[in-house]
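In what follows, residues are counted from 1 in the order of the sequence shown. In listed order, ligands and their atoms are each counted from 1.
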Amino acid sequence: MSVLIVGSTALDSIKTPKAENPRLLGGSASHAAVAASFFSPVRLVGVVGEDFPRRYLTLYRRHGINLEGLQVVPGKTFHWSGEYEADMNRRRTLLTELGVFETFNPTLPRAYCDTPFVLLANIAPALQLHVLDQMRRPRFVVADTMDLWLNIALADLLRLLKRLDGFVLNDSEACQLTKQTNPFAALQRIHRLGPRYVIIKQGSHGSILSSPKGLFLCPAYPVPRLVDPTGAGDSFVGALMGYLASAKGSIETHIRRAMVYGSVVASFCCEGFGLARTTGLRRGQIDERVKQLEHLTRF
Ligand code: AMP
């Protein structure tokens, strides 16, 4: 089955203590779409400006990503810039230029409206709602978010939460949303806001799922040499949704393994700048790391 993914399609300028790389292919939807493409057909919804390099469009196509929902319009592509501190766990946003996203109001291609799996990757919640409004009875809808929207668009986000099957956020966002520092308490609070499946990401410490069948603790794959963690969270949720869309049977049956696949694709993402490592992957390499992770956590 296919996955529809809406989110930012961006140019990212990234600075780490070791290197600096301007205007890489980035954005929540780009990372999520490439990650999902290893498992299922992907339909991308986003907007880029005329400055968007053609080679990035070629890269999406090489992953079989359907671009009928990607608009190319006059103006500048969303440009984000961030800088990592020495320990690579802390990131500072240096610049966010919305560009063509400022006026983006997507009308989905007709064929997209019946997509069974919907990933509302990180973008303004009003835009996530606008896309969801156009979907006809999707099977499983998951959204991601970021602290910015908790700060400036909380009412929209709360409206969105009521309509989701699943919600993915990181530990500091969960704390900000619920005022609970304990992630297990935060998970219970977030269920009350709507979604049946809630995942709190904890970076290199893995992630926690709370679902109707209880909790699952998903490990992170160990990465000794972090190059650039940008997009790891998007890769996690993209791979998770791609895997679920490829699996026959209930969500509950497959969601734990889907998270493990998410963890593994996120680990690859961190090993290169932007999408460099992820776009060079083969499915066999992903399966191999999943096996290693199984071995590392079995007891
Ligand atoms: P992550 O590292 O998973 O938090 O995701 C980083 C990605 O989010 C980068 O590729 C950015 O282009 C994208 N991004 C940064 N700020 C925003 C924003 N305000 N809205 C949507 N996407 C963003």
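- Ligand 1 places these atoms under 4.0 Å from at least one heavy atom of Gly26: 10 (O).
- Thr9 and Tyr56 share no side-chain donor-acceptor pair at under 3.5 Å.
- Considering Ala10, Ser8, Cys269 only, the shortest heavy-atom separation from atom 22 (N) of ligand 1 involves Ser8.
- Close contacts between ligand 1 and Thr230 involve ligand atoms 2 (O), 6 (C), 9 (C), 10 (O) [criterion: under 4.0 Å to a heavy atom].
- Look at Phe101 and you'll find every heavy atom at least 4.0 Å from all atoms of ligand 1.
- If you number the atoms of ligand 1 from 1 as listed, the ones under 4.0 Å from a heavy atom of Gly231 come out as 1 (P), 2 (O), 3 (O), 5 (O), 6 (C).
- Donor-acceptor pairing under 3.5 Å is lacking for the side chains of His63 and Thr279.
- Taking atom 4 (O) of ligand 1 as the reference point, the nearest protein heavy-atom neighbour is Arg91 NH2, 3.0 Å.
- With hydrogens and angles left out, the side-chain atoms of Gln292 and Tyr221 include a donor and acceptor closer than 3.5 Å.
- Ring-centre distance between Tyr197 and Phe140: below the 6.0 Å cut-off.
- Remark: ligand 1 atoms within the under-4.0 Å shell around heavy atoms of Gly233 are 3 (O).
- Ring-plane geometry between Tyr243 and His254 is classed as perpendicular, the angle between the planes exceeding 60 degrees on a 0 to 90 degree scale with a lower cut at 30.
- Under 4.0 Å is where a charged nitrogen must lie from a carboxylate oxygen, and between Arg43 and Asp114 no such pair does.
- Annotation for ligand 1: atoms under 4.0 Å from non-hydrogen atoms of Trp149 are 19 (N), 20 (N).
- Heavy-atom proximity to Gly27, at under 4.0 Å, picks out these atoms of ligand 1: 9 (C), 10 (O), 12 (O).
- In summary, Arg282 and Glu288 do not engage in a salt bridge, as defined by a charged side-chain N under 4.0 Å from a carboxylate O.
- The atoms of ligand 1 that sit less than 4.0 Å from any heavy atom of Leu148 are 19 (N).
- Neither the backbone nor the side chain of Thr93 has any atom closer than 4.0 Å to an atom of ligand 1 (non-hydrogen atoms only).
- Distances from ligand 1 to the non-hydrogen atoms of Phe236 include no value under 4.0 Å.
- For atom 10 (O) of ligand 1, the closest non-hydrogen atom of the protein is Asp12 OD2, 2.4 Å.
- Regarding atom 7 (C) of ligand 1, its nearest protein heavy-atom neighbour is Asp234 OD2, 3.7 Å.
- Ranking protein heavy atoms by distance to atom 18 (C) of ligand 1, first place goes to Met146 SD, 3.5 Å.
- Side-chain contact between Leu4 and Leu108: present, with at least one pair of heavy atoms (C-beta onward) separated by less than 4.5 Å.
- With hydrogens and angles left out, the side-chain atoms of Gln176 and Asn151 include a donor and acceptor closer than 3.5 Å.
- No side-chain N or O of Ser37 forms a donor-acceptor pair with one of Tyr60 less than 3.5 Å apart.
- The protein heavy atom nearest to atom 16 (N) of ligand 1 is Trp80 CD1, 3.5 Å.
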